[in-house]
Amino acid sequence: MFNKYWFRRFYTTEFIQVVRYYAESLRTKVVPSFDNISDEAALVEKETVDRLGQHFDPDRDDPSDCYETAHNAAVDFYVMASRIRQGIINMFAAGLYHLFEQQLLKLHRQELLSICEARGPIDADLLKLSVAKDRLSGKGINIDGFSSWGRIHNELRLVANTVKHADGRSCADLKIVRPEFFIYPSSERNKWEQDVSQYQVVQPLAGEDLFITLEHFEEFVTAVKTFWEELADAVEALET
């Protein structure tokens, strides 16, 4: 059994630091790299005009066709780049759940498995969150009662599965609990009046069909950090 007097320092502090930097990397390093996609699209338009101009025949070609083709190329590029940005945010949200899962399983390996179970290759059936959860429950810690657990288990887990598998059971469940995730953020229609149950989710990693915003992502980051604080509190509340 873990030592409740150093649990917070050894696990909570380390795990939260990793989660914090993971989130900060998305906000400050990854997303800002897409700030100039308008300029990139303008460059695509110019390069397309230049390329078409090399073969332009004034007796046969209409200049307006060249500019229309170049404009469409720029629009296509902008849409593609915007979707890639969205896909990366979706991917980071999925990664956040798996990061949390691996952190909890690290704790499970080091503190909840018996010496015999942890010696040598570990039985794969033991390396599950459900087993870790049961072991914690056996020690008197019920993570179902944590304020953070519902958001992690009932939302972030479904996001991770939807990003990975697209349409499926998790996607259908996510449409029920967080329908706004499937509506383009700038949609002017009332999000709460839209029936997303029939929306197809095909390429969330390409930034299509699933729209996790940075604000949604921060909600999940807060939930994960809160979980580790709540677990530390629960451990420290245990009788010696």
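Numbering starts at 1 and runs along the sequence shown.
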* May I have the step-by-step check of side chain to side chain donor-acceptor pair (under 3.5 Å) for Glu68 and His71, ending in yes or no? => CA-CA 5 Å; Glu68 181 178 2; His71 177 72; over 6 Å; no
* Quick one: SG on Cys171 to NE2 on His165, what's the gap to the nearest 0.5 Å? -> 11.5 Å
* With a cut-off of 6.0 Å (strictly less than), are more than 12 heavy atoms of other residues, nucleotides or ligands near CD of Gln17? -> no
* Going only through I, L, V, M, F, W and Y residues with side-chain contacts under 4.5 Å, is there a path from Leu107 to Trp6? -> yes
* Output the distance between atom CD (Gln102) and atom OH (Tyr97), rounded to the nearest 0.5 Å. => 11.0 Å
* Structure fact -> For Ser114 and Arg135, the nearest pair of non-hydrogen atoms, with its separation, is N-NH1, 4.3 Å
* To do: Determine yes or no for a side-chain-to-main-chain donor-acceptor pair under 3.5 angstrom, with Ser137 supplying the side chain and Lys133 the backbone.
  => no
* Asked: Between Phe217 and Tyr22, what is the ring plane arrangement, given parallel below 30°, perpendicular above 60°, and tilted in between?
  -> tilted
* Is it the case that one hydrophobic cluster holds both Leu113 and Leu104, taking links as side-chain heavy atoms less than 4.5 Å apart, direct or via other members? -> no
* Could you please spell out the steps behind the side-chain contact (heavy atoms from CB on, under 4.5 Å) verdict for Gln110 and Phe10? => CA-CA 12 Å; Gln110 296 182 346; Phe10 190 77; 3.9 Å; yes
* All side-chain hydrogen bond (donor to acceptor under 3.5 Å, both in side chains) counterparts of Asp173, not counting sequence neighbours -> none
* For residues His153 and Asp144, determine if any side-chain heavy atom of one lies less than 4.5 Å from a side-chain heavy atom of the other. => no
* **Check: Thr12 side chain, Arg9 main-chain N or O, donor-acceptor pair, under 3.5 Å** => no
* To do: Mind checking salt bridge (Lys or Arg N to Asp or Glu O under 4.0 Å) for Glu14 and listing every partner two or more places apart, or none if nothing turns up?
  => Lys106
* To do: Answer whether the closest heavy-atom distance between the side chains of Asn154 and Val177 falls below 4.5 Å.
  => no
* State plainly whether one hydrophobic cluster holds both Val44 and Tyr67, where clusters connect Ile, Leu, Val, Met, Phe, Trp and Tyr through side-chain heavy atoms under 4.5 angstrom apart. => no
* Structure fact -> Here the gap from Arg109 atom CZ to Leu126 atom CG, rounded to the nearest 0.5 Å, amounts to 10.0 Å
* **CA sep, side-chain torsions, deciding dist, call: Tyr11, Glu111, side-chain contact (heavy atoms from CB on, under 4.5 Å)** => CA-CA 11 Å; Tyr11 290 109; Glu111 305 293 344; 2.5 Å; yes
* Please state whether the rings of Phe227 and Trp149 are parallel, tilted or perpendicular, taking 30° and 60° as the class boundaries. => tilted
* Is Thr162 reaching over with its side chain to a backbone N or O of Leu174, donor-acceptor style, under 3.5 angstrom? -> no
* Asked: Between Glu24 and Lys29, is a salt bridge (Lys or Arg N to Asp or Glu O under 4.0 Å) present by the stated rule, with each step listed?
  -> CA-CA 8 Å; Glu24 183 181 323; Lys29 300 177 184 295; over 6 Å; no
* **Neighbour count above 12 (heavy atom, 6.0 Å) for Gln200 CD** => no
* **Beyond-backbone contact of Thr13 with Phe7, side-chain heavy atoms, under 4.5 angstrom** => no
* Trace of the side-chain contact (heavy atoms from CB on, under 4.5 Å) decision for Phe220 with Phe100 -> CA-CA 11 Å; Phe220 293 131; Phe100 165 77; over 6 Å; no
* If Ile, Leu, Val, Met, Phe, Trp and Tyr residues are connected whenever their side-chain heavy atoms lie under 4.5 Å apart, and connections chain through other members, are Ile122 and Leu112 in the same group? -> no
* **Whether Glu230 side chain and Ser147 backbone form a donor-acceptor pair below 3.5 Å** => yes
* Asked: Phe211 vs Tyr184 aromatic rings, parallel, tilted or perpendicular, using cut-offs 30° and 60°?
  -> perpendicular
* To do: Kindly indicate whether the side chain of Val201, heavy atoms from C-beta on, has any atom under 4.5 Å from the side chain of Phe182.
  => yes
* Asked: Ignoring hydrogens and geometry, is there a side-chain-to-backbone donor-acceptor pair from Glu155 to Gly150 under 3.5 Å?
  -> no
* Cluster check Leu105, Phe146: I/L/V/M/F/W/Y, side chain < 4.5 angstrom -> yes
* To do: With the side chain counted from C-beta on, respond yes when Phe92 and Leu96 share a heavy-atom pair under 4.5 Å apart, and no when they do not.
  => no
* Can you tell me how far CZ of Arg157 sits from OG of Ser170, rounded to the nearest 0.5 angstrom? -> 6.0 Å
* Please confirm whether the backbone N or O of Pro204 pairs with a side-chain atom of Asn90, one donor and one acceptor, at under 3.5 Å? => yes
* **Residues forming a salt bridge (Lys or Arg N to Asp or Glu O under 4.0 Å) with Asp125, sequence neighbours excluded** => Lys128
* Asked: Do the non-hydrogen side-chain atoms of Val159 and Val163 ever get within less than 4.5 Å of each other?
  -> yes
* Test item: Arg51 and Thr48 side chains (from C-beta on) under 4.5 Å apart, heavy atoms -> yes
* Gap separating the CD atom of Glu45 from the CG atom of Asp50, nearest 0.5 angstrom -> 11.0 Å
Distance-only donor-acceptor hits, side chain of residues 74-84, under 3.5 Å, sequence neighbours excluded:
| from | atom 1 | to | atom 2 | distance (Å) |
| --- | --- | --- | --- | --- |
| Ser82 | OG | Tyr78 | O | 2.9 |

* Asked: Considering residues, nucleotides and ligands other than Arg27, do more than 12 of their heavy atoms fall under 6.0 Å from its CZ?
  -> yes
* To do: Determine yes or no for a side-chain-to-main-chain donor-acceptor pair under 3.5 angstrom, with His108 supplying the side chain and Gln103 the backbone.
  => no
* To do: Mind checking the CG-CD1 spacing from Leu210 to Ile212? Nearest 0.5 Å is all I need.
  => 4.5 Å
* Asked: Closest heavy-atom contact between Leu156 and Ala93?
  -> CD1-O, 3.4 Å
* Can you tell if the side chain of Leu99 reaches within under 4.5 Å of the side chain of Phe15, non-hydrogen atoms only? -> no
* All side chain to side chain contact (heavy atoms under 4.5 Å, CB included) counterparts of Glu219, not counting sequence neighbours -> Arg151, Arg178, His216
* Asked: With sequence neighbours excluded, what pairs up with Val31 under the side chain to side chain contact (heavy atoms under 4.5 Å, CB included) test?
  -> Leu26, Arg85, Ile89, Leu214
* State whether the side chain of Asp209 and the backbone N or O of Val202 hold a donor-acceptor pair below 3.5 Å, judged by distance alone. => yes
* Step by step, would you call Leu129 with Glu101 a side-chain contact (heavy atoms from CB on, under 4.5 Å)? -> CA-CA 7 Å; Leu129 289 192; Glu101 183 179 45; 3.8 Å; yes
